[in-house]
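Worksheet: the structure to be examined is printed underneath.
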Amino acid sequence: LEPDKQSIQGYTDVKSGLSTGATRMFIYATFDKPVADSGKLTGEGRDNVGGYFHFNTSGSDKVVTMKIATSLISVDQAKKNLNQEIQPNDTFASVKERAKEQWNKKLNKIEVEGATDDELVTLYSNMYRLYLYPNKMYENTGTTEDPDYKYASAFSDPVGEPTPTETGAKVVKGKPYVNNGFWDTYRTAWPAYTLLSPKETGEIIDGFVQQYRDGGWIARWSSPGYADLMTGTSADVAFADAYLKGVTNF
């Protein structure tokens, strides 16, 4: 808890056991009401992983809004990410509406006639899952007007030990994409990206090529760093298929 009693910062080292190179994640959050009391939860095997915050609220004013952001680079970058993505006058409702608009832009790429409600739920639920991954690993270390994209590399040797406020990873310029198991997505997910979002697919492919530029090869399974499992190098199939379908911006 920070001295202002309305913000917190911290970090987590929770990560996939399959991946080498996964780095520390930093957290920064603000509350719209002062924290009256806080502490750690103990027992039930949750020592050092659970905590609580208490707020003095009364009457109808019992809603506390928390705005939170993460960074793989530093606490300061998490603060910057929060300020870039959520404006001071934003509410839960305005952020929710903005997210809804962004999802609708993706989901309305396909419109069907004659489907039942259950069939529509199946279609758009699967499209939603399709577009959850891969993920951007890069962060804007510059400004909204003059962006400077960098990332804490999961593909290079670290340059030091992480601290409570900064990564020990090598911070590299670039726009990598991560979190994809190519061996089970090259058959259906990648052809769908290519057909539905060709320009964005080229940018995503180039984000995986960034893994090669940084670490010497493209992960067979990215989670987010190199997970050396599953057969073959299925990114070859996915990227070649996209190229043959006209996706060439990588």
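The structure presented is a predicted model; accordingly, all values stated were derived computationally and were not measured.
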Which is it for Thr167 and Leu72 under the side-chain contact (heavy atoms from CB on, under 4.5 Å) test, yes or no, and what are the steps along the way? CA-CA 7 Å; Thr167 184; Leu72 296 172; over 6 Å; no
Checking Lys150 against Lys173 for the side-chain contact (heavy atoms from CB on, under 4.5 Å) test, could you report, in this order, the C-alpha distance in whole Å, the side-chain angles of both residues, the deciding distance, and whether it holds? CA-CA 4 Å; Lys150 296 180 180 179; Lys173 277 184 173 290; 4.1 Å; yes
Please step through side-chain contact (heavy atoms from CB on, under 4.5 Å) for the pair Tyr149 and Asn140, ending with a clear verdict. CA-CA 5 Å; Tyr149 297 110; Asn140 181 7; 3.9 Å; yes
Step by step, work out the ring-ring contact (aromatic ring centres under 6.0 Å, His included) result for Phe155 and Trp217. CA-CA 9 Å; Phe155 323 109; Trp217 57 294; 9.5 Å; no
How far apart are the C-alpha atoms of Asp146 and Thr143, what are their side-chain angles, what is the distance that settles it, and do they pass the side chain to side chain donor-acceptor pair (under 3.5 Å) test? CA-CA 5 Å; Asp146 187 19; Thr143 64; 5.3 Å; no
Can you list the steps and then say if Glu139 with Asn81 is a side chain to side chain donor-acceptor pair (under 3.5 Å)? CA-CA 8 Å; Glu139 305 173 51; Asn81 293 344; 2.8 Å; yes
Step by step, work out the side-chain contact (heavy atoms from CB on, under 4.5 Å) result for Thr165 and Arg24. CA-CA 10 Å; Thr165 58; Arg24 177 168 288 180; over 6 Å; no
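Looking at Glu85, its side chain never comes within 3.5 Å of a backbone N or O of Leu82 through a donor-acceptor pair. Gln210 places no side-chain N or O within 3.5 Å of a backbone atom of Gly174 that could act as its donor or acceptor partner. Between the side chain of Asp206 and the main chain of Gly202, no donor-acceptor pair closer than 3.5 Å is present.
The cluster map of Ile, Leu, Val, Met, Phe, Trp and Tyr, joined by side-chain heavy atoms under 4.5 Å apart, puts Tyr131 and Ile205 in the same cluster. Residues Leu130 and Phe208 are members of one and the same hydrophobic cluster, defined by side-chain heavy-atom contacts under 4.5 angstrom among Ile, Leu, Val, Met, Phe, Trp and Tyr. In the hydrophobic cluster analysis, where Ile, Leu, Val, Met, Phe, Trp and Tyr join through side-chain heavy atoms closer than 4.5 angstrom, Val237 is grouped apart from Tyr193. Leu195 and Ile110 sit in two unconnected hydrophobic clusters of ILVMFWY residues. Membership requires side-chain heavy atoms under 4.5 Å apart, directly or through other members. Taking hydrophobic clusters as Ile, Leu, Val, Met, Phe, Trp and Tyr residues chained together by side-chain heavy-atom distances below 4.5 Å, Met25 does not share a cluster with Ile68.
At a threshold of 4.0 Å, the pair Lys199-Glu203 counts as salt-bridged, since one of the basic side-chain nitrogens sits closer than that to a carboxylate oxygen. Comment: Asp90 engages Arg98 in a salt bridge, judged by a side-chain N to carboxylate O separation of less than 4.0 angstrom. Using a 4.0 Å cut-off between a side-chain N of Lys or Arg and a carboxylate O of Asp or Glu, Asp76 and Lys80 do not qualify as a salt bridge.
More than 12 non-hydrogen atoms from other residues, nucleotides or ligands lie less than 6.0 angstrom from NZ of Lys33. Crowding of Asp117 atom CG: a count of heavy atoms from other residues, nucleotides or ligands under 6.0 Å not exceeding 12. For Lys109, the NZ atom is densely surrounded, since the number of other residues' heavy atoms within 6.0 Å is greater than 12.
The aromatic rings of Phe55 and Phe53 sit tilted relative to each other, their planes meeting at an angle between 30° and 60°.
Between the side chains of Ser222 and Asn180, no donor-acceptor pair is found at a separation under 3.5 Å. A donor and an acceptor atom, one from each side chain of Gln77 and Thr141, are nowhere located under 3.5 Å apart.
For the ring-ring contact (aromatic ring centres under 6.0 Å, His included) with Phe182, the qualifying choice from Tyr177, Phe239, Tyr133, Trp221 is Phe239, the only one to do so.
The shortest distance between side-chain heavy atoms of Tyr52 and Leu41 falls below 4.5 Å.
The structure places CG of Asp241 at 10.5 Å from OG1 of Thr201, a figure rounded to the nearest 0.5 Å.
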